[in-house]
Amino acid sequence: GQPGQPGAAGDKPMTFMAAMREAIAGGTAFGTSRTPPPGRAERLGLSPVDPSASSSLAMPFGFVALGDDRRAEAELAGVTNGLGARMIEFRADEQVGARGDASGGWSSFRYHVAPAELGFLVPWLAIAVPRTPSPSQRLYPGRRGHDLATGNRKVDRSYCLYADDVAAARRVIEPAMSGWLASALTARIEGRPIVTIEASGGWALAAVQARG
């Protein structure tokens, strides 16, 4: 398909999901090190990124703007099937209560995040749980969620569609991707569901909550 046309959207997702499973194979717990776990770079054919050179938090995704403080750690980057790909351990911290309030504090939310180039353009959209399981964090705060019609009642009850242009987003995912979404969003990666699939410009991102 041509850039921006929904017909192109069905070409890459299965490879994308398989790569994410491979990336976090062997357990989802965060380690104490900020470097990638041994063997991950080799499995994915990606290379470690120097933290001082990382641009992942500047990518045009709403997800990487979560929280009051955020970090990208253990980052890998490279090219897969001719398209850019990354694997990131993403941490979003949120302040609870007012500063100086004795009952306040910080909550930390950790995710395995896999951004990948699509090779075509789509309007901004995210298909996400309104709030993650425990530890619980609201995703895309301030945005209104819309019904997701995939034909799978379990998925449609659990996920919402967020988009700047809802009609355009629906043209992208229906019907070309609705069947794939129903399958992907009921899948489990190391026992955890996908919390969001977000597309922005020529990139897509998937995220799974980490156990650590």
Side-chain angles (χ1 to χ4, degrees), residues 11-94 106-119 126-129 132-137 139-140 180 183-185 187-212:
D11 297 339
K12 302 291 181 184
M14 295 307 293
T15 301
F16 182 66
M17 297 301 298
M20 190 167 196
R21 285 192 179 90
E22 179 69 12
I24 61 177
T28 60
F30 270 50
T32 57
S33 173
R34 295 183 182 180
T35 60
R40 178 177 288 180
E42 292 77 11
R43 287 199 303 272
L44 293 176
L46 303 177
S47 301
V49 174
D50 184 333
S52 65
S54 174
S55 61
S56 59
L57 296 185
M59 296 185 79
F61 293 114
F63 187 81
V64 298
L66 279 177
D68 300 307
D69 187 63
R70 56 204 65 86
R71 294 180 189 172
E73 301 177 342
E75 184 174 351
L76 300 172
V79 176
T80 301
N81 296 325
L83 297 171
R86 302 188 189 192
M87 183 69 199
I88 305 159
E89 305 292 12
F90 174 65
R91 174 173 157 176
D93 293 342
E94 288 184 355
W106 288 84
S107 293
S108 183
F109 305 92
R110 300 179 178 189
Y111 303 90
H112 301 286
V113 179
E117 279 188 295
L118 293 171
I127 295 159
V129 295
T132 63
S134 181
S136 177
Q137 182 175 41
L139 304 185
Y140 306 105
W180 174 81
S183 175
L185 296 174
R188 294 293 180 267
I189 298 177
E190 295 291 318
R192 292 281 175 123
I194 293 170
V195 296
T196 187
I197 296 175
E198 180 180 348
S200 182
W203 285 77
L205 167 153
V208 175
Q209 219 171 357
R211 293 186 183 279

For Val64, which residues count as a side-chain contact (heavy atoms from CB on, under 4.5 Å) partner, sequence neighbours excluded? Leu57, Phe61, Phe90, Leu205
Using the test side-chain contact (heavy atoms from CB on, under 4.5 Å), find all partners of Ser107 that sit at least two apart in sequence or belong to another chain. Val96, Phe109
Assess whether side chain to side chain contact (heavy atoms under 4.5 Å, CB included) is satisfied between Ile127 and Leu185, documenting all intermediate values. CA-CA 9 Å; Ile127 295 159; Leu185 296 174; 3.7 Å; yes
Qualifying residues under side-chain hydrogen bond (donor to acceptor under 3.5 Å, both in side chains), relative to Ser52, sequence neighbours excluded: Asp50
Taking Glu198 for the side chain and Phe63 for the main chain, is one N or O donor matched with an acceptor at less than 3.5 Å? yes
Do Ser56 and Ser54 meet the criterion of a side-chain donor-acceptor pair at a distance under 3.5 Å? yes
With distance as the sole criterion, is a donor-acceptor pair present between the side chains of Ser108 and Arg91 under 3.5 Å? yes
Salt-bridge criterion met for Arg71 and Glu73 (N-O under 4.0 Å): yes
Scanning both residues in full, the closest heavy-atom pair of Pro133 with Gln209 reads CD-OE1, 3.4 Å
In short, Thr132 meets Pro135 closest at the heavy-atom pair OG1-O, 3.1 Å
Locate the shortest heavy-atom distance separating Leu46 from Leu76; write the atom from each residue and the value. CB-CB, 3.8 Å
Taking the side chain as C-beta and beyond, is there a heavy-atom pair between Trp106 and Glu94 under 4.5 Å? no
Full working for side chain to side chain contact (heavy atoms under 4.5 Å, CB included) between Tyr111 and Arg192: CA-CA 11 Å; Tyr111 303 90; Arg192 292 281 175 123; over 6 Å; no
If you define the side chain from C-beta out and look only at heavy atoms, does anything of Asp93 sit under 4.5 Å from Asp68? no
Salt bridge present between Arg86 and Glu75 (N-O < 4.0 angstrom): yes
Ignoring hydrogens and geometry beyond distance, is a side-chain donor-acceptor pair present between Thr196 and Tyr140 at under 3.5 Å? yes
So does Leu66 get a backbone contact from the side chain of Arg70, meaning a donor-acceptor N/O pair under 3.5 Å? yes
Shortest non-hydrogen contact from Met87 toward Ala114: SD-CB, 4.1 Å
Do Leu118 and Leu83 have side chains that approach each other closer than 4.5 Å (heavy atoms only, starting at C-beta)? no
Between Ala207 and Val113, which heavy-atom pair has the shortest distance, and what is it? CB-CG2, 4.1 Å
Between Pro115 and Ile88, the two heavy atoms sitting closest are CG-CD1, 3.9 Å
